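Below: the structure, in structure tokens.
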Amino acid sequence: MNSLPIIDISPLYDDEPDAWQAVAEQIDRACRQWGFFYIKGHPISPARIAEVLGNAQRFFALPVEEKLKIDITQTRHHRGYGAVATEQLDPTKPSDLKETFDMGLHLPADHPEVLAEKPLRGPNRHPDLSGWEALMEQHYRDMQALAQTLLRAMTLALGIERDFFDTRFNEPVSVLRLIHYPPRDTASSAEQQGAGAHTDYGCITLLYQDAAGGLQVRNVNGQWIDAPPIEGTFVVNLGDMMARWSNDRYLSTPHRVISPLGVDRYSMPFFAEPHPDTLIQCLPGCQDDTHPPKYPTTTCAEFLLSRFADTYAYRREPQPA
Ligand SMILES: O=C(O)CCC(=O)C(=O)O
Ligand SMILES: [Fe+2]
């Protein structure tokens, strides 16, 4: 259990049922044993990745007062720029040494869910950079489509109809995030991490990481192993909502990012989540007499909001001194 599986998903784009089945079995095994795997053979081009990465570098290089014009802490629907130390993924460690940009499904101000002030719903807040918005909105749609292809492959082992997730991922609350990890200097505490140990909250995460390295995943024996950058791949992992939905058939595995020494690191996770009103209740194929449902039914929005409150220092109640 020392290196994550690498799965070639290109057969999912053919109409060959046997090949599709073979990939679905590999994904199911990886989800049960690791909750983490790499995918290659996906349709996101290297040119696209380079363009989005270029946007990340342009944006994070702006003066902080420029970035704070779209400060995420000033929105109720969680869009925009998160400055360094906004998040503390591991509450036993210093705040994370990273800055972020978050976007979601763009819903205009006159959309009924926005007018009703539904949590997590609203317009995106993009920086004023040439070519930024069209590229990022397209990339969001393409990442969503890729996530749904993987979810479709999972339906086989989960004992649900092929379009089960597709019908629930209409107007999703998925988030595309850009992250910049500034270099840690040698004088800073060894406790300082880029991203503290955590599990993801949602369904499925697709992560692009640049060449800097630093991502680590905890294996079933409790050891931290490196998940090094592999060109042309995404690292895929499941979050707590999928663990719960699958009655813990699928693992939501702790991971962290060691702050880079002397180099900047950029990464781009896409957190794929269903429509906010989706019921998260034990999937039919994940329960039987010996495995009754472990968790009460919740909704996607209710579950995500409870986890957000754990992560954002600014959303917590002040602690007594
Ligand atoms: O930047 C990375 O490599 C991982 C980030 C991560 O785990 C997260 O944002 O949930
Ligand atoms: Fe994560």
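Remember, it's 1-based here, ligands and their atoms both numbered in the order they're listed. As the structure is a computational prediction, the values presented were derived from the model and not from experiment.
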Member of I70, I72, N55, L176 meeting the side chain to side chain contact (heavy atoms under 4.5 Å, CB included) criterion with F101: I70
Options F271, Y201, Y181, ranked by nearest heavy atom to atom 1 (O) of ligand 1, top entry: Y181
N or O contact, R177 vs ligand 1, cut-off under 3.5 Å: no
T205, portion touching ligand 1 at heavy-atom distance under 4.0 Å: neither
Heavy atoms from other residues, nucleotides or ligands near CD of E161 exceed 12 (cutoff 6.0 Å): yes
N/O donor-acceptor pair under 3.5 Å between N247 side chain and K294 backbone: yes
N/O donor-acceptor pair under 3.5 Å between R168 side chain and F164 backbone: yes
Short side-chain to backbone donor-acceptor contact, N124 and H126, under 3.5 Å: no
Nearest-option assignment for atom 2 (C) of ligand 1, heavy atoms, candidates Q209, R265, H255: R265
Flag, side chain of Q281 to backbone of P296, donor-acceptor distance under 3.5 Å: no
Atom name of the N, O or S atom in D200 that lies nearest to the Fe ion (ligand 2): OD1
Min heavy-atom dist H198 to ligand 1 below 4.0 Å: yes
Name of the H198 atom (N/O/S only) found closest to the Fe ion (ligand 2): NE2
Within reach of ligand 1, part of A195 (heavy-atom separation under 4.0 Å): neither
Distance from atom 4 (C) of ligand 1 to nearest protein heavy atom, with residue and atom: V257 CG2, 3.6 Å
Residue D288 excluded, over 12 heavy atoms near CG under 6.0 Å: yes
Per-atom contacts, ligand 1 versus D200 - under 4.0 Å to a heavy atom: 10 (O)
